[in-house]
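Beneath this line is the structure, given in structure tokens, with notes to follow.
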Amino acid sequence: MSRPGSDAETTYVCGRVEPWIPFEPLSGRVLIRYHRIDPVEGQIVAAVRLAAEAGSAPLYHTGPVIAHTISGAWRYREEDWVSKAGDTVYEAAGSMHTAESIGDEETVVFLVVTGEFLFFDDEGSLIWQESWRTSMERHAEYCMAKGLTPMRFSTQY
């Protein structure tokens with residue numbers, strides 16, 4: 001008889017060796033370091049690095065998001081709080097925000113995203129749809145262009 005969970009896969013990712021990839025086509029001032037992309041769960045685990053005073057277009061998320069601030073500070077324009085190093089923000093599915101870094105230093109946020117981010121322009125038109133699929137494509141294209149070996153994203157638990 002095997003122990004419960006003994007067949008579950010543990011995945012180790014050495015974040016220091018994963019590249020920071022520009023979040024294009026939306027912004028070259030926002031970089032992403034992927035840690036896990038799971039098409040089965042529709043989940044992305046990544047660190048995001050925002051340049052000083054960088055921001056995003058208004059975004060809507062279809063699933064919950066957990067955002068833990070590693071360094072720097074950021075906020076949503078629509079909120080009265082500022083998340084600083086050590087703070088964690090839980091965002092419910094179906095919320096819409098405009099993110100921006102605060103201060104003169106870059107900000108790094110560790111994200112666990114389930115579902116999609118829908119980005120809009122100032123007139124409310126959809127300009128980009130970010131999902132596990134677009135993240136996986138961005139990672140593979142960047143690695144190929146730089147001569148790097150793409151991470152093998154596992155869907156096993």
Identify the heavy atoms of [X] and [Y] that sit nearest to each other, and give their distance.
X    : Y    : answer
W132 : I44  : N-CD1, 3.8 Å
I32  : A46  : CG2-CB, 3.8 Å
G28  : P22  : CA-CB, 4.5 Å
G103 : A52  : O-CB, 3.7 Å
W128 : L126 : O-CD1, 3.6 Å

- [ ] Could you identify which residues cluster with M144, counting Ile, Leu, Val, Met, Phe, Trp and Tyr as linked when any side-chain heavy atoms lie under 4.5 Å apart, either directly or through a chain of such contacts?
- [x] none
TODO: Hydrophobic side-chain clustering at under 4.5 Å (ILVMFWY, transitive links): who's grouped with I102? Put none if nobody.
DONE: V82
Any donor-acceptor pair under 3.5 Å from [X] side chain to [Y] backbone:
X    : Y    : value
D121 : S125 : yes
E130 : L118 : no
S83  : R75  : no

Mind checking whether [X] and [Y] sit in one hydrophobic cluster, side chains of I, L, V, M, F, W, Y counted as touching below 4.5 Å?
X    : Y   : answer
V109 : V45 : no
F117 : I66 : no
W20  : I37 : no

Do the non-hydrogen side-chain atoms of [X] and [Y] ever get within less than 4.5 Å of each other?
X    : Y    : value
F120 : Y60  : yes
S71  : T107 : no
L26  : I127 : yes
M96  : E78  : no

Who passes side-chain hydrogen bond (donor to acceptor under 3.5 Å, both in side chains) against [X], sequence neighbours left out?
X    : result
R49  : E106
Y142 : none
H35  : none

Open item on the list: Could you walk me through whether Y76 and W81 satisfy the ring pair (Phe, Tyr, Trp, His ring centres under 6.0 Å) test, starting with their C-alpha distance in whole Å, then the side-chain angles of each, then the deciding distance to 0.1 Å, before giving a yes or no?
Closed with: CA-CA 8 Å; Y76 284 134; W81 49 260; 5.7 Å; yes
Task: Working for side-chain hydrogen bond (donor to acceptor under 3.5 Å, both in side chains), residues E91 and S95 - done: CA-CA 7 Å; E91 306 166 24; S95 30; 5.3 Å; no
Hey, what do you get for [atom1] ([X]) to [atom2] ([Y]), rounding to the nearest 0.5 Å?
X    : Y    : atom1 : atom2 : result
I21  : S135 : CD1   : OG    : 9.0 Å
R36  : Q43  : CZ    : CD    : 7.0 Å
L59  : E116 : CG    : CD    : 12.5 Å
S101 : W74  : OG    : CH2   : 11.0 Å
L111 : R33  : CG    : CZ    : 13.5 Å
R138 : R133 : CZ    : CZ    : 14.0 Å

- [ ] For R16, check salt bridge (Lys or Arg N to Asp or Glu O under 4.0 Å) against everything at least two apart and list the hits.
- [x] none
Open item on the list: Let's go through E100 and S56 carefully: what are the C-alpha distance in whole Å and the side-chain angles of both, what is the deciding distance for side-chain hydrogen bond (donor to acceptor under 3.5 Å, both in side chains) to 0.1 Å, and is it a yes or a no?
Closed with: CA-CA 6 Å; E100 62 185 3; S56 74; over 6 Å; no
Task: Pair E53 + R29, salt bridge at N-O below 4.0 Å - done: no
Open item on the list: Among L50, V30, V48, exactly one meets side chain to side chain contact (heavy atoms under 4.5 Å, CB included) together with F23. Which residue is that?
Closed with: V30
Open item on the list: Are H68 and F110 an aromatic pair, judged by ring center distance below 6.0 Å?
Closed with: no
